[in-house]
2 protein chains.
Amino acid sequence: MHKEHNLTKNQQIIFDIIDRSPEPLKAYSILFNVQKKGIKAPLQVYRALDKLVEIGKIHKIESRNAFIACQNSSCQVSKATAFSICESCEKVTEINNSSLSKYLSNFKDKAGMKYSKYNLEFFGLCKKCITK
Amino acid sequence: MHKEHNLTKNQQIIFDIIDRSPEPLKAYSILFNVQKKGIKAPLQVYRALDKLVEIGKIHKIESRNAFIACQNSSCQVSKATAFSICESCEKVTEINNSSLSKYLSNFKDKAGMKYSKYNLEFFGLCKKCITK
DNA sequence: TACATAATGTTATATTATAACAATTTTAAT
DNA sequence: ATTAAAATTGTTATAATATAACATTATGTA
Ligand SMILES: [Zn+2]
Ligand SMILES: [Zn+2]
Ligand SMILES: [Zn+2]
Ligand SMILES: [Zn+2]
């Protein structure tokens, strides 16, 4: 479970926009959308994004430079994330699969390196796009 | 196995630099290093990078916006990639583990979406950095 | 209170990546 | 060899993403 964090004003504004969006949002798209609320500079957005990622309220989709709200209260504060990405419509879904997360959390490579974090992105076509 | 591709001059120059590097290289770092060889513009670098990624000779480390040479002739032309990243020294290694690649290649999510590609990045501390 | 920590506001700048268009080279078929 | 298509290159300009530096304000807490 996530530890509760009291979001600050900027953090809450930016989280709300991401949380309401059906698709991942990019930083400057967020910026344009919050300028009427007094957030005028990129840094204000990036700082809120950094904090929200840190506390696990949002995740960055690295291959898209975009952010989505966490759909998965059991993902250990952004330490273990997996997403499916449709390469046609760009729909992104957070994968919540205990077999997968167990497998990856326990994975050890030959070098004996133990991992504290992972991020996995699957690419393909979503159901809607396959039938097109 | 990789299909053989005859690299063009620019592609070869840029591949060689990445291949010889002990660490992932960023596009503009590559650019600075090849300016003496006549490659002057970012686009020349990005076009070569795009092609090299497409044919599987290099991979992009998404979380770092950097590129490394493929260490793994059996990774199906960039369709199934996994890396370990040391968060201290930034050493990146391509993981070649058949159990992992089988597990991920066969993974199906609840939505029935079948994936054609994945990228996995593990983060942690390498052996050298753990003991520091 | 007073101190430390976190968050904010602001300007400027750094870094990463693509658009648009013309020219050249390579490939493969006639 | 001729030719047309496809791929690659060269070039300038610009878009998109992200951080540095510094001053200020708010918040938590001893
Ligand atoms: Zn999550
Ligand atoms: Zn789709
Ligand atoms: Zn590879
Ligand atoms: Zn290390």
Side-chain angles (χ1 to χ4, degrees), chain A residues 3-18 21 23-68 77 85 87 90 92 119 121, chain B residues 3-18 21 23-68 77 85 87 90 92 119 121:
Chain A
K3 177 178 182 307
E4 280 311 315
H5 284 269
N6 296 313
L7 301 184
T8 65
K9 184 166 141 274
N10 286 1
Q11 289 163 9
Q12 189 69 57
I13 290 169
I14 284 163
F15 175 72
D16 286 344
I17 288 197
I18 296 170
S21 170
E23 61 194 1
L25 293 180
K26 292 173 160 253
Y28 276 72
S29 151
I30 293 167
L31 176 59
F32 297 142
N33 279 288
V34 296
Q35 285 185 323
K36 48 182 167 291
K37 299 201 173 170
I39 295 176
K40 293 172 190 163
L43 248 197
Q44 295 174 290
V45 173
Y46 280 104
R47 285 198 283 226
L49 290 173
D50 285 350
K51 189 67 185 183
L52 291 167
V53 166
E54 184 193 325
I55 65 180
K57 299 279 288 181
I58 66 172
H59 303 300
K60 182 172 187 180
I61 309 301
E62 293 286 355
S63 66
R64 300 298 187 262
N65 297 320
F67 300 85
I68 66 169
V77 184
I85 303 171
E87 290 185 297
E90 292 294 324
V92 174
N119 179 57
E121 297 180 4
Chain B
K3 179 178 180 305
E4 280 310 315
H5 284 269
N6 297 315
L7 301 183
T8 64
K9 183 166 142 276
N10 286 2
Q11 289 161 10
Q12 189 70 57
I13 290 169
I14 283 162
F15 174 72
D16 286 343
I17 288 198
I18 297 170
S21 171
E23 61 194 359
L25 292 179
K26 294 178 158 248
Y28 276 73
S29 152
I30 293 168
L31 176 59
F32 298 142
N33 279 289
V34 296
Q35 284 183 323
K36 47 183 169 288
K37 299 201 174 171
I39 295 177
K40 293 171 189 162
L43 247 197
Q44 296 175 289
V45 173
Y46 279 104
R47 285 197 282 225
L49 290 173
D50 285 351
K51 189 68 186 184
L52 291 167
V53 166
E54 184 193 325
I55 65 181
K57 299 278 287 179
I58 66 171
H59 303 302
K60 182 173 187 182
I61 309 301
E62 292 287 355
S63 65
R64 298 299 186 263
N65 297 320
F67 300 84
I68 66 169
V77 185
I85 302 170
E87 289 186 298
E90 292 294 324
V92 174
N119 179 56
E121 298 181 5

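Labels below follow one simple rule: chain letters A, B, ... track the order of the sequence lines, proteins then strands, and each chain is numbered from 1. No experiment lies behind these values; they were computed from the predicted model shown.
- When side chains are defined from C-beta on, B:Leu49 counts as touching B:Ile58, because their heavy atoms get closer than 4.5 Å.
- Qualifying salt bridge (charged side-chain N to carboxylate O under 4.0 Å, His left out) partners for B:Lys26, counting only residues two or more places apart in sequence or in other chains: none.
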(request) Let me have a per-nucleotide readout for nucleotides 4-12 of chain C, 5' to 3', with B, S or -, counting only protein heavy atoms under 4.0 Å. (result) ---SBBBB-
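- Panel note: side chain B:Gln12, backbone B:Lys9; no donor-acceptor pair is recorded below 3.5 Å.
- Residue A:Leu52 forms a side chain to side chain contact (heavy atoms under 4.5 Å, CB included) with just one option from A:Lys57, A:Lys60, A:Arg47, A:His59, and that option is A:Lys57.
- To the nearest 0.5 Å, atom CG of residue B:Leu25 and atom CD1 of residue B:Ile18 are 6.0 Å apart.
- Looking at A:Asn10 and A:Val34, their side chains never come closer than 4.5 Å, going by heavy atoms from C-beta outward.
- Partners of B:Glu87 by salt bridge (charged side-chain N to carboxylate O under 4.0 Å, His left out), not counting sequence neighbours, listed by chain and number: A:Lys117.
- Taking atom NZ of B:Lys37 as the reference point, atom P of D:dG10 lies 14 Å away to the nearest angstrom.
- Of the residues B:Glu90, B:Glu23, B:Glu121, the one that meets the salt bridge (Lys or Arg N to Asp or Glu O under 4.0 Å) test with B:Arg64 is B:Glu90.
- Rounded to 10°, the helix from C:dT1-D:dA30 to C:dT30-D:dA1 has 50° between the axis fitted to its first five pairs and the one fitted to its last five.
- Within residues 23-31 of chain B, no residue approaches DNA chain D, by heavy-atom distance under 4.0 Å.
- When the side-chain nitrogen and oxygen atoms of A:Asn65 are compared with OP1 and OP2 of D:dA16, none of them lie within a distance under 4.0 Å.
- Donor-acceptor pairing under 3.5 Å is lacking for the side chains of B:Glu62 and A:Ser63.
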Is there any protein nitrogen or oxygen under 3.5 Å from a nitrogen or oxygen in nucleotides 25-27 of chain C, and what are the pairs?
none

